[in-house]
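In what follows, a single structure is set out as structure tokens and then discussed.
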Amino acid sequence: MNLHEYQARALLKAAGIPVPDGEVATTPDEAEAVAARLGSAVVVKAQVHAGGRGKAGGVKLAANATEARGHAQQILGMRIKGLVVERVLVVPAAKIASESYLGVIVDRASQRPVIMVSPAGGVDIEEVAAKTPEKLFRVAIDPRFGLLPHQAMALAFELYDDLGQVRQAATIMQQLYRVFLDAGGSLAEINPLITTPEGEVLALDAKIVVDDNELARRSSIAALRDVTAEDSSEVEARNAGLSYVNLDGNVGCCVNGAGLAMATMDLVKYYGGEPANFLDIGGSSSPEKVVAALRIITRDRNVKSILFNIFGGITRCDDVANGIVQATGQMKLDRPIVIRLTGTNEDLAIEILRKAGFEALTDMDEAVQQAVKLAQEAA
Amino acid sequence: MNLHEYQARALLKAAGIPVPDGEVATTPDEAEAVAARLGSAVVVKAQVHAGGRGKAGGVKLAANATEARGHAQQILGMRIKGLVVERVLVVPAAKIASESYLGVIVDRASQRPVIMVSPAGGVDIEEVAAKTPEKLFRVAIDPRFGLLPHQAMALAFELYDDLGQVRQAATIMQQLYRVFLDAGGSLAEINPLITTPEGEVLALDAKIVVDDNELARRSSIAALRDVTAEDSSEVEARNAGLSYVNLDGNVGCCVNGAGLAMATMDLVKYYGGEPANFLDIGGSSSPEKVVAALRIITRDRNVKSILFNIFGGITRCDDVANGIVQATGQMKLDRPIVIRLTGTNEDLAIEILRKAGFEALTDMDEAVQQAVKLAQEAA
Amino acid sequence: MSVFIDKTTKLVVQGITGRDGSFHTEQMREYGTNVVAGVTPGKGGQRFANAVPIYDTVAEAVSDTGANTAVIYVPARFAVDAIYEAADTGVHLVVCITEGVPVLDMTRALLFLAERGTRLIGPNCPGLISPGKAKVGIIPGQICREGRIGVVSRSGTLTYEIIHQLSSHGYGQSTCIGIGGDPLIGTNFIDCLEAFEADPETEAIVMIGEIGGTDEQQAAEYVATHVSKPVVGFIAGQTAPPGRRMGHAGAIISGSSGTAKEKIAAFERAGIEVMKRPADVVALLEKRS
Amino acid sequence: MSVFIDKTTKLVVQGITGRDGSFHTEQMREYGTNVVAGVTPGKGGQRFANAVPIYDTVAEAVSDTGANTAVIYVPARFAVDAIYEAADTGVHLVVCITEGVPVLDMTRALLFLAERGTRLIGPNCPGLISPGKAKVGIIPGQICREGRIGVVSRSGTLTYEIIHQLSSHGYGQSTCIGIGGDPLIGTNFIDCLEAFEADPETEAIVMIGEIGGTDEQQAAEYVATHVSKPVVGFIAGQTAPPGRRMGHAGAIISGSSGTAKEKIAAFERAGIEVMKRPADVVALLEKRS
């Protein structure tokens, strides 16, 4: 789960990290009021779960409150990578002496949290890692012992010469690691971490990504979820216990298991089609889940054919068959459907489907080819 | 540093451990008011840093508020092991179905925190350990991983059969370990941990000992120190940076280094005397420290002779000599003093002392023998 | 022989009385796995299916029955402690089926396991099966056949699909291992490749990867330098968009890293035949042998 | 030969510019210890006494100078991290002079050291000296003499007293080790006994204990079973009351455990000659040899 910048900076601030003033606004009036209160030049920043906000025109400098109002008017409601901007953050325009990068991630290779700093801040850190790796400094944290003070100091010495700034940065690292742990993060990032001409070290922008598996035990973090900032079908899928990702193709896919779902999408592509989505109905699938899945897939008007690919293990094929029959009883299915079922209770399932007027295949390649063909014919 | 029961239970409560109601009172009126508010039979408990309060008459059951007042009158001002009772805790008389023991200590042998439980609660756990060790269950906690839930569950199963109580006790163990860590404890103990007839698990009495080395970084714990509950000379010594323990003998000892201080006391005893105190002036001793030490030693009217035993290493003998000269200029020294100095700047020290009219020895045995003889002559 | 489990496996089931635990315990017993004990706190002293003794703790279960392998079906919030509890008893293999273990918990648990030399498979995995010998986890027994192909995979049903292809074309399996779809797992491709290489009953290896991370790339290097047996591979997720989690917590392309393209390229560089479709597995195995 | 330090010791001083650190660095250099580097964050690039290079971090100091031993004089609140920092660089010996390290910090730090195989002496100790070779810590060099007695002790000045007795009666020392007065320490009596037993230049051992804990009892058992060289012992605190901390954080009789009486009895059972007074040390050594 992604947090908005304004949410991330609130967590940083609560942990003691120095963050410039600033507030969120949902209307141009509010933005103007915030800017007036701040009483200086401000930056108006779109709050959406998308990178490249600046390039998209979602981040704008305003010399005064009236200008801030104008920028907010432009930015609110704007679409950035398909997401509508519902909120802007209004912050004072900072005086910047230097820009650095500071981040903590869970690193798959070392199987540990890794803290990274770079004196090349303010740009995408992947780019730094790719182009100037000598400017990226990493320490793998032993989670049994935490981020040790001398590790933070050593990293801070890579950023600054001044001992005061080194100590400030080392303290911010400890605080950021604490936020990362307390939020159940898979990433916590300050980019840029700036120094002001007065020598203060400040977090100018913040990004936190939370491990979804942490949400059950962290209700205050889970409460930060902003469903308005997500695709509504994906929200509905999550609520129904399904895993769904919307794509641009025309073959709607409903599969049990994530690996098989990806392989099915790939096979659609292999046979010349385009998958409309990733959808995993999960292991212990009830008919209700199948109903929800069909509802979500058919809502996508790009979908021209629907493909079920079920390998029954724990998933019982008859459950899926019943779900299909149930769903098509509840809604008018206006697009062709291809069903492939094999494994547990396969025979039972085929009988259920036949009675309801559906045909069922047992071979994956055959089913995919048919679904692709149907979509192409409909287009 | 020892916490009072009422302080310990406040920490437990803040951590979520169920603790019966109750309040501290410093006067019989207050005790009566608390008992009236509780509206049930109550127990009035002396708050002093001493074991065996019950046997000493410092814990009394009262059927009503008037009786509570009477008990408080008796207990307040009472002396238990030399300590004056300044406060009582008034708590409801609990209905007890079972009494257990639960404690966490830092174990020197395993070099780890050890959590201990026993179904034989309410008595001194050392006695349980000595007489019925099969009733004491211990788990060494790996501090890198903390108290793991299954470890707490396994211990809780040693106390209770009922799964509800097992889970309550396991939760209390986690909370107690958290209190232990957050307070910087060397011991945190609930004795007894009771069950009520309704099946609730409650902490009826609590004891926490804090590692003195933790206090510098834990101001809220350090603020719990109750100097009125300690020997005033020991408080003064601590404030002066000295380590001092008051004893019953008549030879006052002033030594640099804890081991040498103990060895000096032992040697006093060996030569037929009785040490009046342990006193370590520490490594980098200034004249001021010596002045403070002499003031504290001479305040003890049992002291009949004063013995300095200084092995100069980092401690400079001339510093100590200057301190003695300074102190005896400020106060009338009405008891004989024997000074042994050897090591760093020994010659300088002897000269300083001679000029001020003191003799100085360099042999420890000789000095101790002389001090013992002087004390015996004075008695 | 087989890998990690066999006829000597004595299994303790953590969460044996739960919905999933009881269903799959039945399945494992039917398959012939020696399930010696179950654990559900508070149900110590009872029996599962009138046969398998249930204990309050894994420690009691292991000391009473000599279990050497544990499988975990407890809910996500108890799963990481179940791993610690099993590892603390000295069983040499722990298989965690449960999905939803926080990855930060795993960073610590993996170090705990490493200190004890305990092997973990999973979490969020279907477990493993050595056809004809034992099954630990949830892989359907009826799709497997005894044989000489080692299968290792990050996914569940996709693995079944490929096992099904193998079995229906007469290729039985020595052991099939689902290592799990999470970003941090106890046993990775290389561990399994090493075991298959050392296993005299395994003649060829099928490795099924997916997008996310670089485990497949490292495994490919390992194959090139340490594996003499034929290896056939598959990578799921060629059509997955970057930055989106495809079901599995670990199946995500981060920035430009973890794509199917780079994994397939790594496989090819290492001389691993790569299937274009799951149905290619048999043809490629025949090509390599 | 000697124990733990010798002419090959290359020392880095953590906290070299502090009050204690600078004083004792001078003393150690005067004694002939090879002090190769110092560390004080923010003073990297400067030199101590126009000679010893100062670094911001121990890692830089070790990589630049090849230091193999670290000594810590930093204030208590930085001490445990100084231990971690030194251990992280791979030096094989860390000597922590600083007093006041919280014991809960030590429970974790000792495990960190154990994982790396780094020896810690202390904390809250005077360090060690191999007369004529090197001194690391604060034991006054002028009271020591080269010789063949190994001294190990929990205290500081009491050790000096006994070293003084030895030297002034012609008994030089192979190495004198102050292991520290805290409840949890890195190197205990047994570690030192083992080293002295193995050291061909050590002919007899003086062991100085005190009240608190059971290290002396365990050491006595070790002497009985593993030490062939004569051992003479002393226990301070016969007159200490129970339940009171006698200066050292570790010098406290808990309940009825850790008394001088039981320690002396354990020494006697193990055949260790026990001094009644520090002045007895020479007579007892002569008796045993």
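The structure displayed is predicted, hence computed values, not measured ones. Order of the sequence lines sets the chain letters (A, B, ...), proteins ahead of strands, with each chain counted from 1.
Among the candidates A236(D), G237(D), P140(D), S155(D), the residue making the largest number of heavy-atom pairs closer than 4.5 Å to chain B is G237(D). The residue among E214(B), E274(B), Q111(B) with the most heavy atom pairs within less than 4.5 Å of chain D is Q111(B). Heavy-atom pairs under 4.5 Å with chain D peak, among V255(B), D365(B), D280(B), at D365(B). Ranked by non-hydrogen atom pairs under 4.5 Å with chain D, the options A109(B), G259(B), S243(B) are led by G259(B). Put simply, of Q27(D), H164(D), E161(D), K276(D), the one with the most heavy-atom pairs under 4.5 Å next to chain B is E161(D).
Only the side chain of E115(D) comes within contact range of chain B, judged by heavy atoms closer than 4.5 Å. The part of I143(D) that comes within reach of chain B is its side chain, from C-beta onward, which places non-hydrogen atoms under 4.5 angstrom from that chain. Of the atoms belonging to I208(D), not a single heavy atom falls under 4.5 Å from chain B. With a 4.5 Å cut-off on non-hydrogen atoms, Q142(D) touches chain B through its side chain but not through its backbone. When heavy atoms are compared at a cutoff of 4.5 Å, L247(B) approaches chain D solely by way of its side chain, counted from C-beta outward. Contact of P102(D) with chain B is made through backbone and side chain together, with heavy-atom distances under 4.5 Å. For R112(B), the parts lying under 4.5 angstrom from a heavy atom of chain D are both the backbone and the side chain. Of the atoms belonging to P183(D), heavy atoms from both backbone and side chain fall under 4.5 Å from chain B. Contact of Q238(D) with chain B is made through backbone and side chain together, with heavy-atom distances under 4.5 Å. Looking at D107(B), only its backbone comes within 4.5 Å of chain D, counting heavy atoms on both sides. In this structure, chain B has no heavy atom under 4.5 Å from any part of I162(D). Interface remark: A263(B) contributes backbone and side-chain atoms alike to the contact with chain D (heavy atom separation under 4.5 Å). At a 4.5 Å heavy-atom cutoff, the contact between T157(D) and chain B is made by backbone and side-chain atoms alike.
Classified by interplanar angle (parallel below 30°, tilted 30° to 60°, perpendicular above 60°), the ring pair H24(D)/Y73(D) is parallel. A perpendicular orientation is assigned to the rings of Y84(D) and F112(D), their planes being inclined by more than 60° (bins at 30° and 60°).
In terms of modelled atom types and a separation under 3.5 Å, the side chain of R108(B) and the main chain of G250(D) share a donor-acceptor contact.
Checked against R340(B) for a side-chain hydrogen bond (donor to acceptor under 3.5 Å, both in side chains), the options N309(B), T264(B), D363(B) give a single hit: N309(B).
Remark: D266(B) does not engage K269(B) in a salt bridge, criterion side-chain N to carboxylate O under 4.0 Å. Between E216(D) and R154(D), at least one side-chain N (NZ, or NE/NH1/NH2) sits under 4.0 Å from a carboxylate O, which counts as a salt bridge. Between D231(B) and R244(D) there is no salt bridge, since no side-chain N of the basic residue sits under 4.0 Å from a carboxylate O of the acidic one. Salt-bridge annotation for R116(D) and D88(D): present, with a side-chain N of the basic residue lying under 4.0 Å from a carboxylate O of the acidic one.
No side-chain heavy atom of S233(B) sits less than 4.5 Å from a side-chain heavy atom of N246(B).
Residue Q370(B) places its CD atom among more than 12 non-hydrogen atoms of other residues, nucleotides or ligands, all under 6.0 Å distant. For R108(D), the CZ atom is densely surrounded, since the number of other residues' heavy atoms within 6.0 Å is greater than 12.
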